[in-house]
Trainee: 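Quick one: structure below, then a few questions.
None of the values given here were measured: they were computed from a predicted structure.
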Amino acid sequence: MTRRSTFAEKILNASAGSIVYIEPDIVLSHDNSARVRKLFQKMGGENVLHPDRLVVVLDRKMTGTVNNMIQDYNSIHDFMEEQCVEHFFDCDKGICHQVLAGFLHQGLVVVGSDSHTCTAGALDCFAVGLNKTETAYLWKTGKMWFRVPETVKITLSGKFREGVYAKDLALHILGMLRDEDVDYTLVEYHGEGVKELSISDRMTIANISAEAGLKTSVFPPDDRLADYFGDYAVQGVWADENAVYRKEFTLDLGQVMPLVMVTHQLNDVKSVAEAETLEIQQGLIGACSNGRIEDLRVVARILEGKRLASGFQLSVIPASYDIYIQAREEGLVDKITKAGASVLGASCGPCLGSSHMLNADTKRFITTTNSNSMQRMSEVGVEKYIASPATVAATALTGKLSAEVEYSGEVYGYWATPVVAVRIDECDDRRRGYVWNYTDVNHISSGQLFEEKQSYRISIEDSRAMVPHLLAGLDASFATRVESGDIILAGEDFGCGKLIKHAAIGLVEAGVKAVIVKSVNRNFFRMALNHGLLIIVAPEIIEAYRSGDAVIVDISDGKVNVNEKEYCLPEYNPIILEMIAKKGIMRL
C-alpha cells in the first residue's frame, strides 16, 4: 500500500523525522548579511556557490543609524557587487519577507536568516528560518540539512464576523496550540474556511508560526493562490488525502473574536471584551505581520474623519515601498496622517525596538508585530500588547483598549498554563548505568541545561569550562558525575525558552552520546545538531523506558535498542553523521 504523504514529506521527499540534506531554491538574508559574510569567509568561502538563489534585503534602516551599522551596510554593498548577486535590495525598498514574496511560486523550499521566513508558507512554500552560521554554510555549499517535521492539520470552516480579522485568527491559533505538544511540527491549513482568507490574510497567519513554536505553516495551492500568481490553473505541492497527522483540529471562523495578547506576563491571549479597561499611550501597525495594502485600507477606514486620542502616538509601517506608493495613490496615507498618525518608511527598525519611537510617558504599547519583536520594551518597563490592525486603530481613537466591533461578554476559551520549572532533589539519583532518566520531566529549558548568566562569563570557545555548570538548574549532581558515552532521556519540549548555545556545546564536551526526547524545541534542535549534539525525537522510546533499562544507540545503523527491543530511527543523511562525528557544522 502506498504511503499517504503530508506536504512536508512530499516536498522534502522523506518520511517525518528523517534528516535530509538538500539544496533550497531561495536563500534570504537581510542586515545580518554582514555577519553571514564574516562566517562565510571564516569557513574558507570565497565565491557564493549559487548567487542567483540569494535574495538580500536591507530592511532595518532607521533615523539615527549608528556608524557601525553604516559600515555593515557598506560591507554588504561591496560583497553583493563582488558576488554578482542580482536580487539585492538596498534600504527602504521594503521588509525582506514582503520583498521575498515577489520571487516565489508554489512548491519551493525557501530558507532565510530570520525566524519570520515562515511567512512564505502562505504561498505553498516550505519556508523556514535558519541562523547566520547555517546561512553562511549555504552560501558556501548550496546545501543544508532539514529534519522532516511531523504535521498538524487544522481544518477551517465558516466566515469571519464583522470586525474580526486574520490577526485575530492567528492569535486564536497561537493560544489554541499553547498547551499542545506541537514542537517542531508544520501546520497544514485545510477546509472551506481557507477560501475565505486572502493571500494577505494567509501571510499574517503564517507569520506567527515562529511564536507558536512551529517549524512553519503552509496553505494549499488553490484558486486564490492561482489568481495571486496570475495562473490559469492551480499548481503546486499538497498533502495526499488521508495523510497521517500528528494531531488534527477543527475551527469555525465564525467563533473567532477580536483578541489581544498580553506579552509582558505569561503571553496570555484574551478577548478584547474580557480584558480590563486599559489606558494605552502608543501603537504600531504594519511591518511584515500586517503591513500589506489590505491592512492599511482597514486602518484608513477606521481613522477617516476622526482624530487620535489626546497624547496617543500611532505609527504605521507599510511592508514595502510599492505598498506605500499604492496606499498613497488610494488616498490611504492622507486619511491616516490627517487623523494624527505617522506613516513611516518600510523598515524593521521599530519592530526591533531599535528606533526612538517610545515617548517617556509610554506605559503601554499596542502593536500588530509579533511577540519576539520589540524585546527591549520590557527592559524599560513598557507593557506590550499584540492585536489586529483594526483593534490598534480603534484603540488609538479612544486611548483605551478597544475593538472595532465590540462583542460584549465573549470569552476566549484557551488559556496558557504556566510552566513551573522542575528541579531534581539531591536524594533523587537519576543516573542508572550510563542513562540519565528525566523521562517524567517536560519543558526542560535551555536555561536549566546551562544557566544564562554563566554564558556571559564563559567564552563560547572555552567548552571545557562549561562542563561544571551543566544542568545546574535541573540536577545539581549531573555535572560532577557525567561521563563520556552517557545518554539523556527526557519528556516533551526539551530545550525550550531562551536559546543558550553553551548548553549544547557543554554537553558535547562532556561526551554525552545522545539525548532522546518525546519532543524538542525547534530552535534548540537545530542549534544542538549544528554543534554536534545528537538529539533523537522518539516518544515511543521514552514511553517504553523503565529505570535501569539498557539503552544502546547506533546512529550509523539507524537503531536504538532498549532492553534488546529494537527501535528503528528515521533516515539520517550521511553528512549529518559526519557533522555529529566532527562536532559541528563549522568543522565540516
Side-chain angles (χ1 to χ4, degrees), residues 32 35-36 38-39 41-44 130-134 136-137 375 379 421-426 428-431 433-438 441 443-490 493-517 520-536 553 555 576-588:
N32 61 19
R35 176 61 180 159
V36 174
K38 292 176 182 177
L39 290 166
Q41 292 172 333
K42 187 176 180 180
M43 293 176 181
L130 301 178
N131 63 36
K132 294 183 286 292
T133 301
E134 292 171 320
Y137 185 80
Q375 295 167 343
E379 297 175 11
V422 173
R423 190 176 181 90
I424 305 301
D425 188 87
E426 292 180 4
D428 188 0
D429 186 358
R430 292 302 183 100
R431 190 172 194 262
Y434 48 84
V435 176
W436 293 86
N437 178 17
Y438 306 113
V441 184
H443 311 294
I444 296 175
S445 70
S446 186
Q448 288 178 281
L449 300 175
F450 194 91
E451 191 176 11
E452 183 180 5
K453 69 179 182 181
Q454 296 295 342
S455 68
Y456 301 119
R457 299 169 180 170
I458 299 174
S459 165
I460 202 74
E461 286 80 24
D462 191 3
S463 57
R464 197 64 220 161
M466 301 174 191
V467 175
H469 304 283
L470 291 173
L471 273 68
L474 176 67
D475 185 345
S477 73
F478 181 89
T480 58
R481 299 171 62 205
V482 63
E483 296 180 7
S484 182
D486 280 2
I487 295 170
I488 297 174
L489 306 184
D493 198 23
F494 185 82
C496 60
K498 185 173 181 180
L499 200 62
I500 301 174
K501 291 182 180 180
H502 292 63
I505 296 171
L507 289 171
V508 171
E509 179 64 31
V512 170
K513 184 174 184 179
V515 179
I516 306 176
V517 297
V520 62
N521 175 274
R522 62 185 178 86
N523 292 321
F524 189 86
F525 181 86
R526 290 206 68 87
M527 181 272 292
L529 210 56
N530 282 333
H531 286 92
L533 178 64
L534 174 62
I535 296 183
I536 298 171
V553 176
I555 189 65
I576 305 305
L577 303 181
E578 182 184 354
M579 186 169 70
I580 293 169
K582 291 184 176 179
K583 298 185 179 182
I585 196 170
M586 291 293 288
R587 295 186 173 94
L588 277 177

Trainee: Does any part of the side chain of Leu471, heavy atoms only, come nearer than 4.5 Å to the side chain of Gln448, both counted from C-beta?
Mentor: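 SC-SC contact between Gln448 and Leu471 ruled out.
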Trainee: Over all heavy atoms of both residues, which pair between Ile424 and Asp428 is shortest? Give the atoms and the distance, please.
Mentor: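 That would be CG2-O, 3.4 Å.
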Trainee: Which heavy-atom pair separates Phe525 from Ile535 by the least distance, and what is that distance?
Mentor: CE1-O, 3.4 Å
Trainee: Check Val467 against Ala479 and note the closest heavy-atom contact, atom names and distance.
Mentor: O-CB, 3.4 Å
Trainee: Quick one: list whatever passes side chain to side chain donor-acceptor pair (under 3.5 Å) with Arg423, sequence neighbours left out.
Mentor: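 None.
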Trainee: Hey, can you pull the donor-acceptor pairs under 3.5 Å for the side chains in residues 580-588, sequence neighbours left out?
Mentor:
from: Lys582; atom 1: NZ; to: Glu578; atom 2: OE2; distance (Å): 2.7
from: Arg587; atom 1: NH1; to: Lys583; atom 2: O; distance (Å): 2.7

Trainee: Between atom OG of Ser445 and atom CD1 of Ile500, what is the distance when rounded to the nearest 0.5 Å?
Mentor: 7.0 Å
Trainee: List the atom of Ala503, the atom of Leu449, and the distance in Å for their closest heavy-atom pair.
Mentor: CB-CB, 3.7 Å
Trainee: Tell me the closest heavy-atom pair linking Gly485 and Lys513, and the distance in Å.
Mentor: O-CB, 3.9 Å
Trainee: Could you tell me if the side chain of Glu509 sits less than 4.5 Å from the side chain of Met466, heavy atoms only?
Mentor: no
Trainee: For Asn32 and Arg35, indicate whether the former's side chain and the latter's backbone hold a donor-acceptor pair under 3.5 Å.
Mentor: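 A pair under 3.5 Å: no.
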Trainee: Roughly how far apart are Arg430 CZ and Leu489 CG, rounded to 0.5 Å?
Mentor: 11.0 Å
Trainee: With rounding to the nearest 0.5 angstrom, report the OH to CG distance, Tyr137 to Leu130.
Mentor: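 So the OH of Tyr137 and the CG of Leu130 are separated by 12.5 Å.
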Trainee: Should Leu39 and Val36 count as side-chain neighbours, where that means a heavy-atom distance under 4.5 Å?
Mentor: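 Not touching, per the 4.5 Å side-chain cut-off.
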Trainee: For Cys496, is there any backbone N or O sitting under 3.5 Å from a side-chain donor or acceptor partner on Asp493?
Mentor: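 Side chain of Asp493 to backbone of Cys496, a donor-acceptor pair under 3.5 Å: no, none is there.
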Trainee: From the options Ile488, Ile505, Leu507, select the one residue that forms a side chain to side chain contact (heavy atoms under 4.5 Å, CB included) with Leu533.
Mentor: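 The option that passes is Leu507.
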Trainee: Side-chain contact, heavy-atom cut-off 4.5 Å: Val512 with Val482?
Mentor: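 Answer yes - side chains close enough.
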Trainee: Please list, chain by chain and in numerical order, all residues satisfying ring-ring contact (aromatic ring centres under 6.0 Å, His included) with Phe478, sequence neighbours excluded.
Mentor: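 Once residues adjacent in sequence are excluded, the partners of Phe478 under the ring-ring contact (aromatic ring centres under 6.0 Å, His included) criterion are Trp436.
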Trainee: Are the charged groups of Asp462 and Arg464 less than 4.0 angstrom apart, N to O?
Mentor: no
Trainee: Met579 vs Leu529, test: side chain to side chain contact (heavy atoms under 4.5 Å, CB included). Steps then yes/no.
Mentor: CA-CA 8 Å; Met579 186 169 70; Leu529 210 56; 4.0 Å; yes
Trainee: Tell me, which pairs form a salt bridge (charged side-chain N to carboxylate O under 4.0 Å, His left out) where one or both residues lie in residues 444-459, sequence neighbours left out?
Mentor: Glu451-Lys453, Glu452-Lys498
Trainee: Shortest non-hydrogen contact from Leu470 to Gly506?
Mentor: CD1-O, 3.4 Å
Trainee: Any heavy-atom pair between the side chains of Leu474 and Tyr438 that's under 4.5 Å?
Mentor: yes
Trainee: With sequence neighbours excluded, tell me which residues meet ring-ring contact (aromatic ring centres under 6.0 Å, His included) with His502.
Mentor: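 Partners of His502 by the ring-ring contact (aromatic ring centres under 6.0 Å, His included) criterion, ordered by chain and then number, come out as Phe450.
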Trainee: Filter on salt bridge (charged side-chain N to carboxylate O under 4.0 Å, His left out), then keep only pairs touching residues 470-490, sequence neighbours left out; what's left?
Mentor: Asp429-Arg481, Arg431-Glu483, Arg431-Asp486
Trainee: Evaluate the side-chain proximity of Val515 to Ile536: yes if any heavy-atom separation is below 4.5 Å, no if none is.
Mentor: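 Counting from C-beta outward, Ile536 and Val515 never come under 4.5 Å.
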